[in-house]
*Asks:* 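Below you'll find the structure I mean.
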Amino acid sequence: MKCLLMFVLLSLVGATGTASEDSTGTFDNPFQLDDSVVVSANRNPGLISKTGSSVTVITSAQISASQASQVVDLLGAVPGVDVARSGGIGQISSVFLRGAGSRHTLVLVDGINVNDPSSGSFDFAHMNLSNIERIEIVRGPQSVLYGSDAIGGLIQIFTKRGFGAPEIRASASTGSFGTFTEELSLSGSGTNVSYSVGMSRLDSDGFSATVKDGVDGEADGYSNSSISGRLGVLLGSYFDLSTTVQFTDTETDIDQGFGVFDDPNYVVDNKSFAGGIRLARNDPSSLWKPSLALKYMDHEFESVDGYDVDHPADSAVFVSDAERFELASEHHLKLSDKNNLSIGGEVEWENYNSVNYYESFGWVMNDNDTIDEKTARTVGLYV
């Protein structure tokens with residue numbers, strides 16, 4: 001713990017800035033990464049050709065050309081990545097790297113851990129592509145740099161940064177099963193500021209995952225409202241401050257378990273928030289690049305199954321809330337043209353609580369189960 005506090009103090013003295021990816025780019029667009037650069041493998045920008053890890057980068061151009069709407073649609077085409085979906089749009093979607101469990105794949109959004117603290121995994125069903133610049137997939141164990149959550153590998157998602165004159169984009173699309181999507185974004189930059197904000201809304205009537213008497217059952221609808229924002233501020237010539245915010249609110253119709261029992265009023269509501277602020281030195285010629293970051297995420301889950309004609313004696317309500325707060329510091333030292341030394345530390349607090357109520361007359365007795373708030377603290381150091 002003393003070592004971690006020392007890292008924090010050094011960061012406050014010597015650093016400010018955006019995430020480490022901002023130290024690369026081109027003269028015409030210094031806020032975006034070059035396609036040949038990867039950040040996630042070493043926590044420090046470097047050429048893919050000089051990176052020992054097995055890495056795939058999905059660039060902005062590839063995202064645009066794919067015409068996909070969800071991140072999970074792109075991941076399924078990446079070597080070594082398996083995707084399991086429990087149904088249509090909005091249904092649980094899990095990702096497995098090289099056969100490892102889904103909870104062993106760490107998912108970061110602009111460096112923020114968005115894995116659910118209660119399950120350890122991340123549900124890709126609700127992650128759209130509306131404000132995403134690039135995706136990096138690092139296959140194989142990354143536990144030395146990222147902890148036990150990355151036993152199978154790491155997926156890091158970078159949101160867009162604004163550049164140039166203010167630009168507003170709006171789009172709308174429609175498709176089968178009563179699906180409608182609307183997107184609106186604003187981005188740009190000034191002398192010392194860059195900004196990017198994206199909003200999206202998706203609605204779909206969906207389809208039923210069950211068959212009842214040879215006829216399709218009740219359609220499972222889905223709605224998704226998302227907001228994503230990123231702000232960067234230059235502090236002096238080589239220092240930078242970056243803030244990222246992500247919010248998603250979804251509602252999904254689901255059926256009873258085993259995939260054979262239709263249920264017209266079984267609804268799952270997910271609300272997730274992730275935000276972070278980071279200070280880091282952004283001087284390409286500096287031999288020492290320290291940084292300090294504060295990160296927070298919260299995931300609220302609620303499932304409600306009310307009474308209906310087909311299930312007159314059943315009702316269930318489950319509500320849970322999981323949150324994570326993290327303080328992290330990184331230090332990258334250039335020892336020579338071919339050698340770098342990275343030192344870092346972080347402390348993480350996770351909280352979880354839930355309430356479960358299930359009622360089934362004639363089957364079991366009423367059950368009321370509550371988990372009072374539980375807290376876990378993790379401290380990690382790496383070299």
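Below, all heavy atoms of this structure are taken into account, side chains as well, without hydrogens, waters or symmetry copies.
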*Asks:* Answer yes when R169 and E167 have at least one side-chain N-carboxylate O distance shorter than 4.0 Å, and no when they do not.
*Replies:*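 Between E167 and R169 there is a salt bridge, with a charged N closer than 4.0 Å to a carboxylate O.
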*Asks:* Which atom pair, heavy atoms only, marks the closest approach of G345 to L381?
*Replies:*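 Looking at all heavy atoms of both residues, the shortest contact is CA-CD2, 3.7 Å.
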*Asks:* Relative to each other, are the rings of Y222 and H126 parallel, tilted or perpendicular (30° and 60° limits)?
*Replies:*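 The rings of Y222 and H126 lie parallel, inter-plane angle below 30°.
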*Asks:* Answer yes or no: is there a donor N or O on one side and an acceptor on the other, between the side chain of K374 and the main chain of N353, under 3.5 Å?
*Replies:*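 No, because the side chain of K374 does not come within donor-acceptor range (under 3.5 Å) of the backbone of N353.
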*Asks:* Less than 3.5 Å apart, any donor N or O on the side chain of S196 or S187 sitting next to an acceptor on the other?
*Replies:*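 No, no side-chain donor-acceptor pair sits under 3.5 Å.
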*Asks:* Closest approach of S354 and S320, non-hydrogen atoms and distance?
*Replies:*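 Taking S354 first and S320 second, the nearest heavy atoms are CB-CB, 3.7 Å.
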*Asks:* In terms of side-chain heavy atoms, does S291 have a donor or acceptor partner in R281 at a distance below 3.5 Å?
*Replies:*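 Short answer, no.
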*Asks:* Under 4.5 Å between any side-chain heavy atoms of L327 and L292, yes or no?
*Replies:*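 Yes, close enough: below the 4.5 Å cut-off.
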*Asks:* Checking the side chain of N115 only, and the main-chain atoms of T105 only, is there a donor and an acceptor separated by less than 3.5 Å?
*Replies:*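 Checking the backbone N and O of T105 against the side chain of N115, a donor-acceptor pair under 3.5 Å is found.
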*Asks:* Evaluate the side-chain contact (heavy atoms from CB on, under 4.5 Å) criterion for residues I155 and V138: first the C-alpha distance (whole Å), next the side-chain angles of each, then the deciding distance (0.1 Å), finally the verdict.
*Replies:* CA-CA 6 Å; I155 297 174; V138 186; over 6 Å; no
*Asks:* Grab the two heavy atoms, one from P166 and one from Y195, that are nearest each other, plus how far apart they are.
*Replies:*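 In terms of heavy atoms, the two residues are closest at CG-OH, 3.4 Å.
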*Asks:* Under 3.5 Å, is there a donor-acceptor pair between the D123 and S121 side chains?
*Replies:*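 No, S121 and D123 have no side-chain donor paired with an acceptor closer than 3.5 Å.
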*Asks:* Within the supplied structure, the quantity of interest is the number of heavy atoms (other residues, nucleotides, ligands) at a distance under 6.0 Å from L184 CG; does it exceed 12?
*Replies:*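 Yes.
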*Asks:* I'd like to know if the side chain of H332 and the backbone of R43 have a donor-acceptor N/O pair within less than 3.5 Å.
*Replies:*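 Flag set: sc H332 to bb R43 pair under 3.5 Å.
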*Asks:* What distance separates I92 CD1 from I254 CD1, expressed to the nearest 0.5 Å?
*Replies:*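 Those atoms lie 7.5 Å apart.
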*Asks:* Taking atom types as modelled and ignoring hydrogens, do the side chains of S228 and Q246 form a donor-acceptor contact shorter than 3.5 angstrom?
*Replies:*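 Indeed, the side chains of S228 and Q246 share at least one donor-acceptor pair under 3.5 Å.
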*Asks:* Mind listing the closest non-hydrogen atom pair of A41 and V55 along with its distance?
*Replies:*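 Where A41 meets V55 most closely, the heavy atoms are CB-CG2, 4.2 Å.
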*Asks:* Side chains of S60 and R134 only: does a donor on one sit below 3.5 Å from an acceptor on the other?
*Replies:*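 Side-chain D/A pair, S60 to R134: absent.
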*Asks:* Determine whether D220 and Q91 make a side-chain contact, defined as any pair of heavy atoms from C-beta on separated by less than 4.5 Å.
*Replies:*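 Side chain of D220 against side chain of Q91, heavy atoms only: contact under 4.5 Å found.
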*Asks:* Could you check if a side-chain atom of V144 sits within less than 4.5 angstrom of a side-chain atom of Q142, using non-hydrogen atoms only?
*Replies:*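 In short, these two side chains do not touch, never coming nearer than 4.5 Å.
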*Asks:* So, S200 versus N128: side-chain donor-acceptor pair below 3.5 Å or not?
*Replies:*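 Yes.
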*Asks:* Mind running side-chain hydrogen bond (donor to acceptor under 3.5 Å, both in side chains) on R201 and S225 for me, showing each step along the way?
*Replies:* CA-CA 5 Å; R201 171 74 181 185; S225 298; 2.5 Å; yes
*Asks:* Mind checking whether Y296 and F273 have parallel, tilted or perpendicular rings, split at 30° and 60°?
*Replies:*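 It falls in the tilted class, 30° to 60°.
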*Asks:* So for atom CZ, which belongs to R103, do other residues, nucleotides or ligands contribute more than 12 heavy atoms lying within a distance under 6.0 Å?
*Replies:*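 No, because the 6.0 Å sphere around CZ of R103 holds 12 heavy atoms or fewer from other groups.
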*Asks:* Judged by modelled atom types alone, do T250 and N224 share a side-chain donor-acceptor pair under 3.5 Å?
*Replies:*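 Judged by distance alone, the side chains do not pair up.
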*Asks:* Less than 4.5 Å apart, side chain to side chain, heavy atoms only: is that true for V39 and E136?
*Replies:*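 Answer yes - side chains close enough.
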*Asks:* Could you tell me if R230 sits above the aromatic ring of F158, with its cationic atom closer than 6.0 Å to the ring centre and no more than 45 degrees from the axis?
*Replies:*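 Judged by the rule (NZ or CZ under 6.0 Å from the ring centre, within 45° of its axis), R230 is not positioned above F158.
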*Asks:* Side chains of N113 and V107, heavy atoms from C-beta outward: is any pair under 4.5 Å?
*Replies:*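 No; the side chains remain at least 4.5 Å from each other.
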*Asks:* When you compare the side chain of I137 with that of L97, does any pair of heavy atoms fall below 4.5 Å?
*Replies:*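 Sidechains of I137 and L97: in contact.
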*Asks:* On a heavy-atom basis, which atom in I63 and which in S66 lie closest, and how many Å separate them?
*Replies:*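 Nearest pair, atom of I63 first, then S66: O-OG, 2.7 Å.
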*Asks:* Is there a side-chain contact (heavy atoms from CB on, under 4.5 Å) between T59 and V57? Walk through the geometry before answering.
*Replies:* CA-CA 6 Å; T59 65; V57 176; 4.1 Å; yes
*Asks:* Going from CE on M127 to CZ on F122, what distance comes out if it is rounded to the nearest 0.5 angstrom?
*Replies:*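 Between M127 CE and F122 CZ, I get 4.0 Å after rounding to 0.5 Å.
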*Asks:* Is it true that the side chains of H331 and W288 contain a donor and an acceptor less than 3.5 Å apart?
*Replies:*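 Judged by distance alone, the side chains do pair up.
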*Asks:* Under 3.5 Å, is there a donor on one side chain and an acceptor on the other for S272 and H299?
*Replies:*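 There is no such pair between these side chains.
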*Asks:* Would you say the side chains of E323 and N351 form a donor-acceptor pair under 3.5 Å?
*Replies:*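 A donor-acceptor contact under 3.5 Å links the two side chains.
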*Asks:* Check the side chains of T51 and S53 for a donor-acceptor pair under 3.5 angstrom, ignoring hydrogens and angles.
*Replies:*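 No, no side-chain donor-acceptor pair sits under 3.5 Å.
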*Asks:* With side chains defined as the heavy atoms from C-beta onward, is the minimum distance between Y382 and E330 less than 4.5 Å?
*Replies:*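 Counting from C-beta outward, Y382 and E330 do come under 4.5 Å.
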*Asks:* What pair of heavy atoms forms the shortest contact from Y146 to S40, and how long is it?
*Replies:*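 Heavy-atom minimum between the residues: OH-O, 2.7 Å.
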*Asks:* For residues D110 and T159, is any side-chain donor paired with an opposing acceptor at under 3.5 Å?
*Replies:*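 Looking only at side-chain atoms, T159 and D110 do form a donor-acceptor pair, the distance falling under 3.5 Å.
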*Asks:* Distance-only, no hydrogens or angles: does the E326 side chain make a donor-acceptor pair with backbone N or O of V347 under 3.5 Å?
*Replies:*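 It does not hold such a pair.
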*Asks:* Measuring from S102:OG to F96:CZ, what's the distance to the nearest 0.5 Å?
*Replies:*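 So the OG of S102 and the CZ of F96 are separated by 4.5 Å.
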*Asks:* Can you confirm whether V304 sits close enough to V319 that some side-chain heavy atom of one is under 4.5 Å from a side-chain heavy atom of the other?
*Replies:*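 They are not in side-chain contact.
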*Asks:* Does I168 CD1 have over 12 foreign heavy atoms under 6.0 Å away?
*Replies:*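 No, the 6.0 Å shell around CD1 holds no more than 12 heavy atoms from other groups.
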